[in-house]
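Written below as structure tokens is the structure these notes are about.
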Amino acid sequence: MTPTVRPARLDPRKPLVLDAHELGRRPGTMLRVQRTVPAPADLGNGVIAVSAESPLELQLRLEAVMEGVLVSGTVAGTATGECVRCLDPVTEDVLVDVQELFLHERPAEGEDDEELPLLDGDLLDLEPVVRDALVPSLPFQPVCDPDCPGLCSRCGARLMDDPDHGHEESDPRWSALQALTLTDQNDGTATPADPDRTQEETN
Ligand SMILES: [Zn+2]
Ligand SMILES: [Zn+2]
């Protein structure tokens, strides 16, 4: 006896599992599906993602074809993350096109259609299709504003709020103050090296 390999049964209650039952099997028939569903988990990259359970708007066309069901349309949602320069929250509207052919039967090995997903009866799982279309469309380096100047590397101040922000690199008062602070911390027992007082350098 040859064991029959069956795909894992799809759960019709999953938000991105669609039922093509109404469509029927006669090639040429078409069904429009418009619905808002909660987004699956981990729909994004490490820095920006459509958060789980946030709304995904599906505008789809299901078409019966000889081999199965052709799904095409758009998926829209809102991704949230952090500006890579200043760490402020970033919100980005996402709208991607999706298109996939779901087959009634697994094609013979070596055929071009081999990689295509299968229908489970009348059910089809759109989640991998949405994931493949949406995740690569997200920015890898989201910014709150294309001109975001980021944070000061010395003190972490937001440069957007303070365009004139800067530190005097060679202000002698700064090093004097530093020396003073260090002396205080050391109870005056150790004096940090002061470049102005380095001996035997100019002799
Ligand atoms: Zn920013
Ligand atoms: Zn600073």
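Residue numbers start at 1 and run along the sequence shown. When a ligand or atom number is given, it counts from 1 through the structure's own listing order.
Seen from the Zn ion (ligand 2), atom SG of Cys155 and atom NE2 of His165 lie 100° apart in angle, a value rounded to 10°. Draw a line from the Zn ion (ligand 2) to NE2 of His167 and another to SG of Cys152, and the angle between them is 100° (to 10°). At the Zn ion (ligand 1), the vertex angle linking SG of Cys144 with SG of Cys86 is 110° (nearest 10 degrees).
In summary, Arg158 and Asp161 engage in a salt bridge, as defined by a charged side-chain N under 4.0 Å from a carboxylate O.
Within the 3.5 Å criterion, the main-chain N or O of Gly68 finds no donor-acceptor partner in the side chain of Arg25.
The minimum heavy-atom distance between Thr80 and Ser51, with the atom names listed, is OG1-OG, 4.5 Å. Heavy-atom minimum distance, Cys83 versus Cys86: SG-N, 3.3 Å.
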